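Everything below concerns the one structure shown next.
Everything numeric in this text was worked out from a predicted model, so none of it was measured. As a basis for the values below, the full set of heavy atoms in this structure was taken, side chains included, without hydrogen atoms, waters or symmetry mates. Ligands are counted one by one from 1 in listed order, and the atoms in each one are counted from 1 as well.
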Amino acid sequence: MISESQTNIKLPSLDISKPLDSCSLSSLTAACSEWGFFQITNHGISKELYDKILSLSKDLFSLPSETKLKLGPFSSLKTYTPHFIASPFFESLRVSGPDFAASAQDSAEVLSAPNISEFSEILHEYGRKMTEISKEVLKLVLMSLGAEFEMKYYNSEFSNCQGYLRINNYAPPESLEEEEEAEGLGMHTDMSCITIVYQDEVGGLQVKSREGKWMDIVPCEGTLVVNIGDVLQAWSNDKFRSSEHRVVLRKLVNRFSLAFFWCFEDEKIILAPDEVVGRENSRIYKPFVCSDYLKFRENNEKGKFEKVGFTVKDFAGIE
Ligand SMILES: O=C(O)CCC(=O)C(=O)O
Ligand SMILES: [Fe+2]
């Protein structure tokens with residue numbers, strides 16, 4: 001169990017329904033390099049949509065473990081991560097794009113879920129919307145390097161990105177005392193380009209500062225949390241930071257989140273363009289194939305999320 005002092009951080013909140021002014025862009029630049037986290041508003045995902053996914057997903061998560069394990073690590077679909085893999089208090093269902101409807105339907109059918117077509121339709125809608133949001137947000141992140149970077153590199157480097165969603169269900173141990181916390185999801189970095197999280201009002205998401213202090217990312221209604229992943233950190237030659245983060249749970253409070261990962265295609269060769277590195281800086285990473293890094297992480301983690309020492313720098317960093 002954890003007991004450390006935490007502090008809140010104030011991340012910029014960008015209204016993505018209108019063009020960003022130069023002030024917002026510079027706060028985005030600062031947030032991407034300092035925290036690797038920022039927030040977005042006016043994204044078009046309604047609370048109703050989230051609540052519908054929550055209610056349908058709760059039905060699935062409340063099925064008996066034997067049923068859910070039909071989608072478990074040893075089944076053919078492998079869309080379900082049971083308790084005790086990432087943490088004892090975490091389970092998750094993966095819905096993959098680009099055909100989110102088909103992916104959701106396949107899992108729901110295996111579970112003989114009660115509302116298969118509703119589940120499939122609602123995830124189609126969420127996946128489609130998050131795909132559009134991810135593209136827009138990635139463009140903004142590139143613009144934060146300078147206006148020309150989006151024009152130059154968005155189409156050539158990022159147009160084959162793909163998304164997948166993790167529906168995360170957290171339940172703290174019953175034995176937890178009043179002031180105690182449990183790790184719902186251990187410290188890790190994401191392997192994506194960017195991740196967009198819809199967290200509920202419970203809170204518990206924390207990011208590690210450069211000084212090693214855990215900081216709370218306090219939920220705010222209507223606001224999604226965006227973070228930079230490892231492959232974008234490498235592509236940006238460390239101009240953007242893929243920060244370690246985790247989720248802590250408090251007594252008797254369940255938590256539910258939707259994490260959407262926007263990733264390079266498997267065969268993508270990740271290499272920071274010279275212009276991104278900049279003449280005055282040296283190159284930090286060797287070129288690498290995206291799926292080789294994902295395999296490196298999987299093999300080294302033995303099913304776990306975290307483990308320091310297996311970062312993109314360990315994998316492709318130039319000494
Ligand atoms: O549940 C959350 O808020 C974050 C989840 C997360 O970090 C992840 O799934 O990678
Ligand atoms: Fe994460």
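- At least one cation-pi condition fails for K68 and Y80: the charged atom is not both under 6.0 angstrom from the six-membered ring centre and inside a 45 degree cone around its axis.
- For ligand 1, the polar-atom distance check against Q199 finds no nitrogen or oxygen pair separated by under 3.5 Å.
- Under a 4.0 Å criterion applied to the non-hydrogen atoms of A259, ligand 1 contributes the atoms 9 (O).
- For K251 and E177, the salt-bridge test fails: no basic side-chain N is under 4.0 Å from an acidic carboxylate O.
- Grouping Ile, Leu, Val, Met, Phe, Trp and Tyr residues whose side-chain heavy atoms lie under 4.5 Å apart, directly or via other members, places V202 in a hydrophobic cluster with V253.
- Within the 4.0 Å heavy-atom cutoff, R246 does not count among the residues contacting ligand 1.
- The contact set between ligand 1 and H245, taken as ligand atoms under 4.0 Å from a residue heavy atom, comprises 7 (O).
- The angle that H245 NE2 and D190 OD1 make at the Fe ion (ligand 2), rounded to 10°, works out to 100°.
- Judged by the 6.0 Å and 45° rule, R128 forms no cation-pi pair with F100.
- Contact annotation: for D190 versus ligand 1, heavy atoms closer than 4.0 Å belong to the side chain alone.
- Taken from CD in E183 to CZ in R246, the straight-line distance is 5.5 Å, to the nearest 0.5 Å.
- Taking the six-membered ring for Trp and thresholds of 30 and 60 degrees, Y198 and Y50 have nearly parallel ring planes, at less than 30 degrees apart.
- Under 4.0 Å is where a charged nitrogen must lie from a carboxylate oxygen, and between R250 and E179 no such pair does.
- Less than 4.0 angstrom separates some heavy atom of F261 from each of these atoms of ligand 1: 8 (C), 9 (O), 10 (O).
- Neither the backbone nor the side chain of V225 comes within contact range of ligand 1; no heavy atom lies under 4.0 Å.
- Judged as a salt bridge (charged side-chain N to carboxylate O under 4.0 Å, His left out), the pairs with a partner in residues 271-288 (not counting sequence neighbours) are, in order, K152-E275, D274-R283.
- Near N168, meaning under 4.0 Å from one of its heavy atoms, ligand 1 places the atoms 1 (O), 5 (C), 9 (O).
- The contact set between ligand 1 and V247, taken as ligand atoms under 4.0 Å from a residue heavy atom, comprises 1 (O), 2 (C), 4 (C).
- Every atom of ligand 1 is numbered from 1 in the order shown, and the set under 4.0 Å from a heavy atom of S257 is 1 (O), 2 (C), 3 (O).
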